[in-house]
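Numbering starts at 1 and runs along the sequence shown.
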Amino acid sequence: MIDFDIITILISTIILFIFIYIIKTKTEKNNMYILFFSIFYIYIIFVLKYTIFPIPVDNEYLNIIKQDSRFLNNINLTPFNFELMDTLSYKQILLNILLTIPFGFGISFITKITKKKIIFLGISIGLIIEALQLLIGLIINYAYRYVDINDMTCQHFFGQFFTEQYI
């Protein structure tokens, strides 16, 4: 399994320091901007931790779990299809809302926000997360996460909503 472990944290930290170095040397951003950028970067890393990791890569393990599940059973590409809704799905909606609250508020500190950017960024956050889950699932030939267009819709709506509330 590729897990969110100490190596992932170290690599993420090194990348953050590279970003900070580039911002300090190539732009005229102040220390307050760097602080907010760093907080937002850490938030994005934790979004990846909870939406992408762990990634199963052990062939023996994958062969065992593939026997119990079909790839397409874990993918919902029909908007507003809630036939499979149960208490876990309602929990997922709540978690998607909580996932996008910091994005909505934090992005305003990183870049100048316009109405067009709000719509674009709202769509982008959900699309990127769900597309990464689907892409990784296709690569390992197993839908290791439930890929759901409703998650993307929820992340878009609340990402846009919380961004609009702040600006």
Quiz item: Taking only residues two or more places apart in sequence or in another chain, which ones pass side-chain hydrogen bond (donor to acceptor under 3.5 Å, both in side chains) with Lys49?
Solution: none
Quiz item: By ring pair (Phe, Tyr, Trp, His ring centres under 6.0 Å), which residues pair with Phe36, not counting sequence neighbours?
Solution: Phe109
Exercise. Tell me whether Ile149 is reachable from Ile119 by hopping between hydrophobic residues (I, L, V, M, F, W, Y) whose side-chain heavy atoms are closer than 4.5 Å.
Key: no
Taking only distance into account, with no hydrogens and no angle test, what donor-acceptor pairs under 3.5 Å do side-chain atoms of residues 120-134 form with protein atoms, sequence neighbours excluded?
{"residue": "Ser124", "atom": "OG", "partner": "Phe120", "partner atom": "O", "Å": "2.7"}
{"residue": "Glu130", "atom": "OE1", "partner": "Asp148", "partner atom": "N", "Å": "3.0"}
{"residue": "Gln133", "atom": "NE2", "partner": "Thr51", "partner atom": "O", "Å": "2.6"}

Self-check item: Path from Ile22 to Tyr41 over hydrophobic side-chain contacts below 4.5 Å
Solution: no
Exercise. Please identify each residue that fulfils side-chain hydrogen bond (donor to acceptor under 3.5 Å, both in side chains) with Lys24, with sequence neighbours left out.
Key: Asn31
Quiz item: Quick one: do Phe37 and Leu48 end up in the same hydrophobic cluster if we chain Ile, Leu, Val, Met, Phe, Trp and Tyr together by side-chain heavy atoms under 4.5 Å apart?
Solution: yes
Output a table of donor-acceptor pairs, distance under 3.5 Å, between side-chain atoms of residues 93-100 and any protein atom two or more places apart or on a different chain; print 'none' if there are none.
{"residue": "Asn96", "atom": "OD1", "partner": "Gln155", "partner atom": "NE2", "Å": "2.7"}
{"residue": "Asn96", "atom": "ND2", "partner": "Gln92", "partner atom": "O", "Å": "3.2"}
{"residue": "Asn96", "atom": "ND2", "partner": "Asp151", "partner atom": "OD1", "Å": "2.9"}
{"residue": "Thr100", "atom": "OG1", "partner": "Asn96", "partner atom": "O", "Å": "3.1"}
{"residue": "Thr100", "atom": "OG1", "partner": "Ile97", "partner atom": "O", "Å": "3.1"}

Name each donor-acceptor pair under 3.5 Å that joins a side chain in residues 11-21 to protein atoms two or more places apart or in another chain, with its distance.
{"residue": "Ser12", "atom": "OG", "partner": "Thr8", "partner atom": "O", "Å": "2.8"}
{"residue": "Thr13", "atom": "OG1", "partner": "Ile9", "partner atom": "O", "Å": "2.7"}

Quiz item: Which residues satisfy the ring pair (Phe, Tyr, Trp, His ring centres under 6.0 Å) test with Phe53, sequence neighbours excluded?
Solution: Phe4
Exercise. Flag the pair Tyr33 / Thr27 as yes when at least one side-chain heavy-atom distance between them is below 4.5 Å, and no otherwise.
Key: no
Quiz prompt | Separation between CD1 of Ile52 and CD1 of Ile2, rounded to the nearest 0.5 Å | solution = 11.5 Å
Quiz prompt | Minimum heavy-atom distance between Pro102 and Phe40, given as atom pair plus value | solution = O-CE1, 4.3 Å
Quiz item: Mind checking what makes side-chain hydrogen bond (donor to acceptor under 3.5 Å, both in side chains) contact with Thr111, not counting sequence neighbours?
Solution: Lys117
Exercise. Could you tell me the separation between the CD1 atom of Ile110 and the NZ atom of Lys29, rounded to the nearest 0.5 Å?
Key: 9.0 Å
Quiz item: In terms of heavy-atom contacts, does CD1 of Ile7 have more than 12 from other residues, nucleotides or ligands at under 6.0 Å?
Solution: no
Quiz item: Given Tyr43 and Val47, is the side chain to side chain contact (heavy atoms under 4.5 Å, CB included) satisfied, shown in steps?
Solution: CA-CA 6 Å; Tyr43 156 74; Val47 166; 3.4 Å; yes
